[in-house]
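Reviewing the structure listed below.
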Amino acid sequence: MTRKSYKLNAPEPQGTSELLENLNPVQAEAASLVDGPLLILAGAGSGKTRVMTHRIAYLIRECGVWPEQILAMTFTNKACAEMRERVDEILGDDGLDEARRVTISTFHSLGARLLRIYARDLGLSSDFVIYDDVDQMALIKRLMEDDDRDKDRSEARRLRGFIERMKNRGLTPEQAHEEVYDSNTENDVHFYELYQSALREANCVDFGDLLLGLLQVLRNDPKTAKSLSNQYRYVMVDEFQDTNPAQYELLKHLTREHNNLAVVGDDDQAIYRWRGATVANILGFEKDFPNARVVKLEQNYRSTQTILDAANDVIELNTQRRPKKLWTDNVGGEKIRCFTASDDREEAAYVAREITAYSAESVPFGEMAVFYRTNAQGRAFEEQLRFAQIPYRVVGGTSFYAREEIKDVLAYLKVALNPRNEVDLLRVLNKPTRGVGKTSIDRLRIAGASTSIWSAIEAVAHGGQQQSLEFLEAAKLRGKSKTGVVDFYEVVREVQAMLDEGQELAVVVSELLDRIHYLDWLQSHDAERAEDRTRNVGELVNAIMEFERESDLEGLDVLRAFLDRSSLVQATDDLGSGAVTLMTVHGSKGLEFDVVFLAGMEDEIFPSVRTEDPEELDEERRLAYVAITRARKELVITNAKRRRIFGQYRPTTPSRFVLDIDPERLHVDSASTSSHVDYVRGAGSYGFRRQLMSPDNSMWDYDQTTPMTRGAVRRAIQSQKNVDEFSQVAPDADEPVFDVSAWDQEPEPSHSGDDGLHGRTVSHATFGEGKIMKVSGTGPKAVLTIQFPGTGEKRVVRKYVKVL
DNA sequence: CTTTGAACTCTTTTT
DNA sequence: GAGTTCAAAG
């Protein structure tokens, strides 16, 4: 990569730039302090994204910095997309596409991208595959068996946790060894070592490796570090309070040539300690970067005074924090509404009812959100919102790409790309069932012990040609298990062949599905869920097609890029849509909504049961602070007197965080089954109250006869009128839906915008000649539905066929 | 080898 | 209450 003219020293800002006109003086200062280390302490809602985006624009416009020289790190892909969009807006459309040229990335995406380039330095080939946590667990369990440890699930989880912690701290197994202080840890480190070499053998990396691997490259090869640092002349980091030591070290490497590191963060919003993040990074920033300048953003532009006060009531009880006070011009505001339901279902029903009511008062669905502490709580809300015909989208939870059927299909592709990848290989070797059971798998593993399972499979498939030990061992397979293994081998080879030919990815997948009768298998194997799963597989094909069409990559690179994306991006990462957002509090970080419902505010839910020491409680408190400060206009806090946990009802107590809020700011919805008169302010009172509580849950003051308020009734009635306008939940209605059922049907002719292609005969590398039945889109990337005699109907992108 | 059913366990939070 | 694991029958 050659950059001829680096701006080595960007000029100090001269006077005012019109770019900064829309910022307040402190924001403007933060955006224009361009050189050297900078710490921006940005309270909730103080416009930090605004500052960062303007800063990027300022660098480009006023300081003559090339977009390619700017690196901005965020925590989620969602945040990346938003930042890019906003930079684009500020810069305006001048045809230079500057926003696109800035590197805006998550740490992990950057890691994946750079590791593809430097894979060799780590003994990986660039075909390496990324393991998600399910794959990781599969590998760990297998290794535990080999290492004959107790094959205990919780032990496996513990080991995964250990490995993850090591990687978060940037420690390789060798480095971890030096830290060992007892024999148990010694043992764990040994396992870490084992795990790491298994990953390398399989030519795979896990999530932590995306960072640790990159770190290793930078540590071992100063030249690479230097050139990267020179390329990224200006580095910015969002949510700096949530960086872990590995990420921090990475930043140091990347900025060592210039020290131009601007970090934005808020210690009150640090919520990823459990993931290895340490506030030490933000608290000690000035120590590591002695000449760092510090800017504090304390004016809140988001919430009402009431909401801000409530948030402050909660957070001020934390002891370990940089003192700061947020203020706003936005005085007053509605009181925070509290509602206590009799159980979790009623809680959800209440929220649904209120959403309808707000909607009737013309709050758009997209401006409302429901937050909860754990993903499991989301289901109740899904049910009730669906029932109330409210459009919603669930963010987080099981990601699309983590679903079984999706992982299955992708596993075939991953094996085709990298057959040494044993986790994926074992995942689909007998899926759909081919008669290859545990015994056969064990034999293959023994046969391939010195090489790989794949080579043992190859040996079986190639029959008596080879006389190696592997072959002898593997040759014990006979009958159904042998034909099964051979069949699997052939499937993978066929996929590889199609990929080698440069066949379109979506076609490869369709062929694969046909070849292994995957959809039939889904149907016979688990009829109940088959419909959903079939649709998901169809959506996967759609996503692949879409990706391929938009991608400017060629050949196998498309597949690699798609697979990387599937491991790094949540399918729900896209923003926008007129639907109510359902998500965990963690997921809400960085977002804002007019109306926020904060549900399940009960002790042992929020704060979580698993909170043990005071530091963890502090973190829960910060989490509550984050939740509250997401709300612009109104906040509704709900809880339930009893809740189903482990499938049975258990009594609850109100969250101490609600008790911490000055009752002055609360308005108890009298439709509640409890009057909340018990809500007394003060953290100190909590422990005391808890002692007082009798086992029969007398904390809650039963008062079930209270009628709904007139306001609530009014809203409920109003809402009835509006219900019909909203269709059944269709979160991604504008996405093209791949109609799987159409695969077996007769093609239906169509003439929409077909460039005159309709009915023409085409020739395709694999399928031969066929007739175009349907055209959607125009140009080389249009999707053609083609009837191939002998093969049947296929959808193919225009550029892959020749029109005869 | 595969399927079935009963027993058993686990629940934070996510890139 | 859901997902996983284990044993026994097909």
Side-chain angles (χ1 to χ4, degrees), chain A residues 73-80 105-112 130-134 136-138 141 151-154 156-157 161 164 167-168 206-211 239 242-244 246-247 270-277 344 371-380 395-399 401-402 404 430-441 477-484 521 524-526 529 564-565 567-570 572-573 583-589 600 604-612 616 619-620 622-624 626-627 643-650:
Chain A
M73 309 296 291
T74 69
F75 262 76
T76 62
N77 296 288
K78 192 168 49 192
C80 287
S105 171
T106 64
F107 279 98
H108 293 270
S109 299
L110 185 77
I130 302 170
Y131 279 173
D132 69 11
D133 50 342
V134 176
Q136 213 183 344
M137 278 305 263
K141 281 184 185 161
K151 211 186 121 213
D152 178 23
R153 226 190 323 164
S154 65
R157 258 205 308 272
E164 204 176 275
K167 292 190 174 179
N168 283 336
D206 66 14
F207 247 76
D209 280 345
L210 295 176
L211 285 169
E239 309 281 10
D242 285 326
T243 51
N244 62 34
Q247 292 164 330
I271 56 175
Y272 283 107
R273 206 179 76 107
W274 54 274
R275 210 166 74 181
D344 44 351
F371 300 159
Y372 33 80
R373 179 66 237 273
T374 65
N375 281 305
Q377 290 164 257
R379 197 176 311 129
V395 177
T398 323
S399 131
Y401 292 105
E404 222 182 302
N430 196 30
K431 209 167 188 174
T433 41
R434 304 186 165 87
V436 187
K438 191 168 185 322
T439 321
S440 312
I441 288 173
L477 299 182
R478 35 189 111 270
K480 242 169 87 181
S481 48
K482 184 169 175 183
T483 45
W521 180 74
S524 61
H525 180 250
D526 185 356
R529 287 180 235 191
D564 278 357
R565 199 182 71 138
S567 355
L568 295 167
V569 178
Q570 289 248 315
T572 42
D573 260 352
M583 63 174 138
T584 64
V585 180
H586 279 90
S588 77
K589 189 168 78 155
E604 303 200 334
I605 296 284
F606 198 177
S608 150
V609 232
R610 304 265 297 245
T611 344
E612 277 159 6
E616 283 171 350
E619 176 142 316
E620 295 285 315
R622 291 191 293 267
L623 197 53
V626 167
R643 178 176 298 279
R644 289 189 96 136
I645 292 165
F646 298 138
Q648 52 189 357
Y649 282 113
R650 281 182 43 187

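Everything numeric here is computed off the predicted structure, so don't read it as measured data. Letters go in sequence order (proteins before strands), and every chain restarts at 1.
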Problem set entry | Phosphate OP1/OP2 of B:dT15: any A:N168 side-chain N/O under 4.0 Å | no
Problem set entry | Selected nucleotide, minimal atom distance to A:N430 side chain, candidates B:dT15, B:dT2, B:dC1 | B:dT2
Problem set entry | A:E619 (side chain) donor-acceptor with A:R273 (main chain) under 3.5 angstrom | yes
For this session: Tell whether A:R610 reaches the base of B:dT12 with its side chain through a donor-acceptor pair below 3.5 angstrom.
Result: no
Exercise. Where does the angle between the aromatic ring planes of A:F107 and A:F75 fall among parallel (under 30°), tilted (30 to 60°) and perpendicular (over 60°)?
Worked result: perpendicular
Exercise. Taking NE2 from A:H108 and P from B:dT14, how many angstroms apart are they, rounded to a whole number?
Worked result: 13 Å
Problem set entry | Separation of B:dC10 C1' from A:R650 CZ (nearest whole Å) | 13 Å
For this session: Identify whether any heavy atom of A:Y272 sits under 4.0 Å from a base atom; if not, whether one sits that close to sugar-phosphate; answer base, sugar-phosphate or nothing.
Result: sugar-phosphate
For this session: Would you check if A:W274 stacks with the base of B:dT12, given a 5.5 Å centroid limit and a 30° plane limit, both strict?
Result: no
For this session: Can you figure out which of B:dT9, B:dT15, B:dT13 approaches the side chain of A:R275 most closely?
Result: B:dT15
Exercise. Does a nitrogen or oxygen in the side chain of A:R157 sit under 4.0 Å from OP1 or OP2 of B:dT11?
Worked result: yes
Exercise. Taking OP1 and OP2 of B:dC1, is either one under 4.0 Å from a side-chain nitrogen or oxygen of A:T439?
Worked result: yes
Problem set entry | Whole-Å distance separating the CD1 atom of A:I605 from the P atom of B:dT13 | 11 Å
For this session: Please check the phosphate of B:dT15 (OP1 and OP2 only) for any side-chain N or O of A:S567 closer than 4.0 Å.
Result: no
Seminar exercise, completed: Checking A:T76, A:D242, A:T584 against A:K589 for side chain to side chain donor-acceptor pair (under 3.5 Å), the one that qualifies is A:D242
Exercise. Could you walk me through whether A:D132 and A:Q136 pass the side-chain contact (heavy atoms from CB on, under 4.5 Å) check?
Worked result: CA-CA 6 Å; A:D132 69 11; A:Q136 213 183 344; over 6 Å; no
For this session: Convert the base pairs of DNA chain B into dot-bracket notation, remembering that pairs crossing earlier ones are written with [ ] and that bases paired across to another strand are shown as |; include only Watson-Crick or G-U pairs under 3.5 Å.
Result: ||||||||||.....
Exercise. Between A:S440 and B:dC1, does any side-chain N or O lie under 4.0 Å from OP1 or OP2?
Worked result: yes
Exercise. Taking only N and O in the side chain of A:N375, is any of them less than 4.0 Å away from OP1 or OP2 of B:dT13?
Worked result: yes
Exercise. Are side-chain heavy atoms of A:R622 and A:V626 found at a separation under 4.5 Å?
Worked result: no
Could you go through nucleotides 8-10 of chain C and list every protein N or O atom that sits under 3.5 Å from one of its N or O atoms, giving the distance for each pair?
none

Exercise. For the side chain of A:E620, counting heavy atoms from C-beta on, which of C:dA2, B:dT12, B:dT2 is nearest?
Worked result: B:dT12
Exercise. Parallel under 30°, tilted from 30 to 60°, perpendicular over 60°: which one fits the rings of A:W274 and A:Y272?
Worked result: tilted
Problem set entry | Euclidean distance, atom CE of residue A:M137 to atom P of C:dT5 [Å, nearest integer] | 9 Å
Problem set entry | Minimum-distance nucleotide to A:T584 side chain [options: B:dT9, C:dG1, B:dT13] | B:dT13
Seminar exercise, completed: note: A:R373, atom CZ; B:dT13, atom C1'; distance rounded to Å ~ 5 Å
For this session: State whether A:K438 places a side-chain N or O below 4.0 Å from either non-bridging phosphate oxygen (OP1 or OP2) of C:dC6.
Result: no
Exercise. When the distance from CZ of A:F646 to P of C:dA2 is rounded to whole Å, what number comes out?
Worked result: 14 Å
Exercise. Between A:L623 (CG) and B:dT14 (C1'), how many Å, whole number?
Worked result: 12 Å
Exercise. Distance between the P atoms of C:dT4 and B:dT13, in whole angstroms?
Worked result: 16 Å
